[in-house]
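To start, the structure itself, in structure tokens.
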Amino acid sequence: MKRVRARNYASILKLLFIAVSIFYFLPDGLAEARSLEIMEVDISAEVLPNGDLKVVESRTINFNGQFRGADQKLYFSGVSLYSEVLIREGDFYYTLVNQFHTSEPGTYSVQVYGDEYFVIDWSFDAYNEKRTFTLEYIARDAVVVHSDVAELYYKFIGDEWEFPASSAFVTLGLPEGAKQDEIMAWGHGPQHGEVALESPKLVSWWVAPLPANTYLEGRVVFPATLVPGSNRFSGKEALPGILREEQRWAAQANISRLIRKYQIYISLSLLFGVALILIRMWKGALNRNNAYNGDYYRELPGDYSPAAAGYLWNKKRFHTSYLTAHILNLSRLRHIGIEEIPGIEDFRLVEKKSEVMLSPLDALITEFIFGKVYPYFVPNDQQQGEGSQRAVLFRQIEEYAKENPKEFHSFYSSWTGAALKDGEKKNFFKEHTSWGWGCLPLVLVIILALLTLIWWELYLVGTVLLSAPFILFFASPNTYYTEFGADQLLKWQAFRKFLLHFSSMDRSTVPSLVIWEHYLVYAVILDVARQVTDQLALVFPRPEAEPAFSQTSWSSLGTAQSMAVMHSMNRMTNNLNNTIVGATSSANKAIAAASSTSGSASSGGFSSGGGGGGGFSGGGGGGFGGGGGGFR
């Protein structure tokens, strides 16, 4: 027993040792989450009398987790070379080594890549602490001397830094010898940045915060006499062109700032404009200027089939209630009798001979019921002779669909196709131009929105602009009515309202039972059949006493007692509709199951002071320097 326990303890210790070892040797990125924050960037630059630019960059980093090194890139464009490159932390200077990349903390190295850029790489050991790294260098021949002025155009912070900075502050010192009005300065980058001409010897730029992948660029012109030892000359007059360029960028920035200031009102105006466009589109689609505007309509709005009425009412969509309404209409026209079967809570459809000619839609129904369903359940030797009545139970229709899904689906598809064509012939809807080339303005708006978001950083306006095309696309009407269609639709709406309220109206204005038999057919399409039968029981408390009662198909529904008749009518309508829904559902499920089985088996610019200070412009990007950096 002691040996067994000892083995168990040894196994547990081994597992603990393995777990600790795995955790210890995990890469830093897996062992713990790492992050960093650039708290501030402080850059002090000085223009030297020989036209060079001495730069001292300090970045304060808050490290969360383990970090062991960093690198920074600087571009040569516009600079003959960089020299005196140093890395330090406070008074501690890193040691230059030949190895690139470096690996020993406290060392740095420099790698030149052709005539495009060079990279400074340095190593350190930082863990959950705040450190400040200072990069020093001299950019040779940074100042270009024109025939009228000298110009420094330098990108102090490049757009390749993937980390935002809480703040960035740049100061530039100039040689002595100039007056205040002889110095002009501009800033390029985020439009919330500021540039200030502190004195004839000092220019400053300030941005808080500085987003990731965003540059900070300074441009300064001053008398050429300040850099007598410069070796870089353009040989041309430059100030007029610089002023024009900066004025253009400043104007663009001022417009952007104005939009930014009032963007909430601009956004509300854009949304209001979108709403007006939608209202106009819907008004044109509904086409109600000359349509019926009464509260009630007391007769059938049109002399067409229930399927055609449903095509209009449900905006071209097909519902199973269309088939239910047509069977009720066949009963009204005496082509079919509907009889209740006592004891089994079911109804049956009985074939009859009527003098009224069958429509093509109705002929498809009777052929299916008595030509397909009836023979399926009644063998030939049991069928009645010529002239006898054939009958089919409601439940037999659903059973037939379940056992013969393809045959039912074939009938249902043929009938729905014919019903939809019947609705199309009535000219309820007009063809409207599909989006096609109409999408082009929406695409242009989306492009403008992306520019507004990314380039100008107008997030509210950009979001509204980006949302507008999608609102218009998805909220615009899909159907456009003709004048006839709009008039008919409003009449059907008023007719439906009449069907819901007729029991509270003057009894003398209510149509007879024969008319209501016709109305009930369309009440199924309008989804108010139950409400109609409930109200009929109130308006006609003794239907058997009505002279027209014997002329209706309802007289065959059991006893001629008022409530029993109305209750039977209600049940019959519900049962018939449930039968159609159940039949289509059963057929679809059976076909889907068969298909599944078969498949599985087979298969800023300058301010009004003329360059003396103000906000950044949105232009620029032409200065050298820049680049970016990273941490490891």
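What you see is a predicted model; the values in this text were computed from it and never measured.
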Problem set entry | Non-neighbouring partners of Phe92 that pass ring pair (Phe, Tyr, Trp, His ring centres under 6.0 Å), sequence neighbours left out | Tyr94
Problem set entry | Set of ring pair (Phe, Tyr, Trp, His ring centres under 6.0 Å) partners for Phe118, sequence neighbours left out |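 Expected list: Phe76, Tyr82.
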Between [X] and [Y], how do the two ring planes meet: parallel, tilted or perpendicular, split at 30° and 60°?
| X | Y | value |
| --- | --- | --- |
| Phe470 | Phe474 | parallel |
| Tyr265 | Tyr262 | tilted |
| Phe631 | Phe124 | perpendicular |

To check you understand the geometry: which heavy-atom pair defines the closest contact between [X] and [Y], and what is its length?
| X | Y | result |
| --- | --- | --- |
| Tyr117 | Val119 | CE1-CG2, 3.8 Å |
| Lys315 | Phe429 | CA-CZ, 4.0 Å |
| Val144 | His146 | CG1-NE2, 3.6 Å |
| Glu129 | Asp125 | OE2-O, 3.8 Å |
| His192 | Ala208 | CD2-O, 3.6 Å |

Pairwise distance [atom1]([X]) to [atom2]([Y]) - rounded to 0.5 angstrom:
| X | Y | atom1 | atom2 | result |
| --- | --- | --- | --- | --- |
| Thr214 | Leu216 | OG1 | CG | 10.0 Å |
| Leu465 | Ser267 | CG | OG | 7.5 Å |
| Asn231 | Arg140 | CG | CZ | 10.5 Å |
| Leu96 | Ile120 | CG | CD1 | 11.0 Å |
| Leu152 | Leu226 | CG | CG | 12.0 Å |
| Ile38 | Ser166 | CD1 | OG | 8.5 Å |

Between [X] and [Y]: side-chain donor-acceptor atoms closer than 3.5 Å:
| X | Y | result |
| --- | --- | --- |
| Ser58 | Thr134 | yes |
| Tyr137 | Gln72 | no |
| Thr60 | Thr132 | yes |

Indicate yes or no for a side-chain donor-acceptor contact from [X] to the backbone of [Y] under 3.5 Å, with no hydrogens or angles considered.
| X | Y | answer |
| --- | --- | --- |
| Thr107 | Pro105 | no |
| Thr102 | Ser109 | no |
| Asp52 | Asp141 | yes |
| Ser44 | Val56 | no |
| Arg68 | Ser103 | no |
| His188 | Tyr215 | no |
| Trp206 | Thr171 | no |
| Ser585 | Val581 | no |
| Tyr108 | Val85 | yes |
| Asn64 | Asn128 | no |

Exercise. Going by an N to O cut-off under 4.0 Å, is there a salt bridge joining Glu217 and Arg219?
Worked result: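 Looking at Glu217 and Arg219, the cut-off is not met.
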For this session: Flag the pair Glu37 and Lys130 as a salt bridge only when some basic side-chain nitrogen lies within less than 4.0 angstrom of an acidic carboxylate oxygen.
Result: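 Salt bridge between Glu37 and Lys130, a charged N being under 4.0 Å from a carboxylate O: no.
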For this session: Could you check Val227 against Phe222 for side-chain contact (heavy atoms from CB on, under 4.5 Å), going step by step and ending with a plain yes or no?
Result: CA-CA 9 Å; Val227 286; Phe222 48 87; 4.1 Å; yes
Exercise. Does a side-chain heavy-atom distance below 4.5 Å link Asp121 with Arg632?
Worked result: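 In contact.
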